[in-house]
Every structure is written in C-alpha cells, then in structure tokens.
Amino acid sequence: MMGKTHVVGSLAALHMGLIGYSYFTTRSPANVRLEDIQVFGHSIHLPSSLLEYGLTVLSVILFVFLLLRTGRRKLLLFYVLGVIASLFLLDRFSDSGEPLAAAIVLLSFTLGTLLPDIDSEDSSLGRYFGLLSRVIPHRKVTHTIWFVILLAGISWALQSVYLAALTIGYTIHIIEDSLSNHGICWFYPVIGKYATRSGGKTTKVGRSTTFAYATGGALEQIFFLSSLGIHVLCMGLFVSILS
C-alpha cells in the first residue's frame, strides 16, 4: 500500500471513531464527558469549538503533506512552519493545554501510520532517512509483531499517550500491508519466510492473493478515494456537532 493511502485511510478510521464518540458524549443522557477518560493519566480531549477543530485539522493536514513530501522541496519548510503555527495558536487560544496535547497525539498517530516503511528508501518517509532505510531490510524487521510489542512496551513503561498513539498507527499500517498481495510475516523470522520477486519486491512465501489488493491498483485507489470522502463527511458532521 502506498504511503498516502496508509495515512489517509488510517486517519479516516480514526476520524470516524472520534465522530462516533463525540456524538455519543453529546447525546448521552448520562452526559458522559470525553475529558473524564484517562490514558496513562492523560485526558483525551475533543475539540470544543470550530476554531480548535479547524486548527487541529490544519496541523494534521500540513504534517501529512510534510511526511509525504508533497509538492516541491521548497514547500517542506512551509509545512513545518504551518504545523508549528497551528500548534502555537491551539495553545494560545485555549484555557488549558488539552487541545495542544490532543493535536500532538493525532500527529503521533499520523507518524505511526507511515513509520514501518522507514525500511524502504523509496517510501516518502524513507527518503528522510536514506542511509538508515538502506540498512534495514524491507518488510522484515519493522513489519513484525515484535516491533509492535517493543513500541507498546516502551509506551507502557513511559506511560506515554503519544507513543501509544504512534503504536496504534504503526499497527494499523502493518494490518493494511498484511492484506496486500505481497503479504506480511507477522512473526518473522520465527515463523514465515520472504522471497524477492521480479522488480525487487519482497513477498511472503506461500502468500494467497485471492482476497488481496495490489499496491497502487484499483482496489487501493477506491479505498483512498473513499477515505477522502469519509474525511469530508466527518468534517461536516463535526461542524454540525460543534455549531
């Protein structure tokens, strides 16, 4: 799966979850507040105003553009400054640090959706780490349950909601890749083997492609466009909830 599909699709799932939870909290007769739910001692905060929501969405969009290296190289600095400015304004116009912290949680999740492909110098994120990406074998070390367990363990040990969000995004990436025609050996190298096919593609040995999608193929494009549509729908619903 291409990087843009990973990040847009994963964020669409998260967007839907936030919409559903926001709707529940605002419609619940028990008047449940999202801030009452703690993760590692951190209060999860949903935007309470259109300004908070707009700045949060803007910071995530610019961060995605930065990670995907969208447009000309000169735009990368603009994306960096845009993310910083959005986060600064979130902190500046809020009475507490919760909106800023929530935005950083989303950015951590976003980074996690692309992080496994740091093992490929052809990936958008891998191009930021050229030497490291050439050293790590593609779809092996970073695409295993062992790396997920390591990240989850560090998140738990440090009680970090930001690392937890990154770990969730990371896990979703691997799940999405496991559905591709190249497959994933979750327990590699203990269980499963890889073979290098034509074009240098690393593929799981014995992978059945009956219900798999081809990277960059029609099914992936449909998923990508559908995810964009979900984002538009969720933004409209969020605006109606906050209005």
Side-chain donor or acceptor of Trp156 paired with backbone N/O of Ala164 under 3.5 Å = no

Could you state the interatomic distance from CZ (Arg127) to CG (Leu125), rounded to the nearest 0.5 Å?
-> 10.0 Å

Is the side chain of Glu220 donor-acceptor paired with the backbone N or O of Met2 at a distance under 3.5 Å, no angle test?
-> yes

Give a yes or no on whether the backbone of Trp186 and the side-chain of Thr144 come within a donor-acceptor separation of less than 3.5 Å.
-> no

Would you list the atom pairs, donor with acceptor, under 3.5 Å between side chains in residues 99-120 and any protein atom, with sequence neighbours excluded?
residue	atom	partner	partner atom	Å
Ser108	OG	Ile104	O	2.9
Thr110	OG1	Leu106	O	2.8
Thr113	OG1	Thr110	O	2.6
Asp117	OD1	His143	NE2	3.3
Asp117	OD1	His173	NE2	3.4
Asp119	OD1	His138	ND1	2.9
Asp119	OD2	Arg139	N	2.7
Asp119	OD2	Thr142	OG1	2.8
Asp119	OD2	His143	ND1	3.3
Ser120	OG	Asp122	N	3.3

Spatial distance of atom OG1 (Thr70) from atom CZ (Phe65) [nearest 0.5 Å] = 5.5 Å

Are Tyr188 and Lys204 side-chain neighbours, meaning at least one heavy-atom pair lies under 4.5 Å?
-> no

What pairs of donor and acceptor atoms, side-chain ones from residues 222-241 against any protein atom, are under 3.5 angstrom apart with sequence neighbours left out?
residue	atom	partner	partner atom	Å
Ser226	OG	Ile222	O	2.7
Ser227	OG	Phe223	O	2.8
His231	ND1	His15	ND1	3.0
His231	NE2	Val8	O	3.1
His231	NE2	Ala12	N	3.3
Ser240	OG	Leu237	O	2.6

Determine yes or no for a side-chain-to-main-chain donor-acceptor pair under 3.5 angstrom, with Ser59 supplying the side chain and Thr56 the backbone.
-> yes

Rounding to 0.5 Å, atoms CG (Leu14) and CG (Leu18) come to a distance of 4.5 Å

Do Leu163 and Leu150 belong together in a cluster built from hydrophobic side chains that touch within less than 4.5 Å?
-> yes

Heavy atoms, side chains only, cut-off 4.5 Å: are Arg69 and Tyr128 in contact?
-> yes

Distance in Å, Gln159 CD paired with Ile154 CD1, rounded so as to fall on 0.5 Å steps | 13.5 Å

Please set out all donor-acceptor pairs under 3.5 angstrom arising from side-chain atoms of residues 81-89, sequence neighbours excluded.
residue	atom	partner	partner atom	Å
Ser86	OG	Gly82	O	2.8

Say whether Met1 and Ile175 are linked into one hydrophobic cluster, either directly or through other cluster members, by side-chain heavy-atom distances under 4.5 angstrom.
-> no

Note, Tyr194 side chain near Thr203 side chain (heavy atom, < 4.5 Å) | no

Distance from Leu76 atom CG to Leu67 atom CG, nearest 0.5 Å?
-> 10.5 Å

Centre of Phe78's six-membered ring, under 6.0 Å away, within 45 degrees of the axis: is that where NZ or CZ of Arg72 sits?
-> no

Can you see which heavy atom on Leu68 is nearest to which on Ser124, and at what distance?
-> CD2-OG, 3.5 Å

Taking C-beta and beyond as the side chain, do Lys193 and Cys185 meet within less than 4.5 Å on heavy atoms?
-> no

Separation of Leu66 CG from Leu77 CG (nearest 0.5 Å) = 10.0 Å

Do the non-hydrogen side-chain atoms of Leu151 and Phe147 ever get within less than 4.5 Å of each other?
-> yes

Quick one: do Val190 and Val141 end up in the same hydrophobic cluster if we chain Ile, Leu, Val, Met, Phe, Trp and Tyr together by side-chain heavy atoms under 4.5 Å apart?
-> yes

Leu11-Leu58 co-clustered via ILVMFWY side chain contacts under 4.5 Å = yes

With the side chain counted from C-beta on, respond yes when His6 and Asp177 share a heavy-atom pair under 4.5 Å apart, and no when they do not.
-> yes

Counting only N and O atoms by type, is there a donor-acceptor contact under 3.5 Å from the side chain of Tyr79 to the main-chain atoms of Val64?
-> no

Same apolar cluster: Ile61 and Leu75, side chain cutoff 4.5 Å | yes

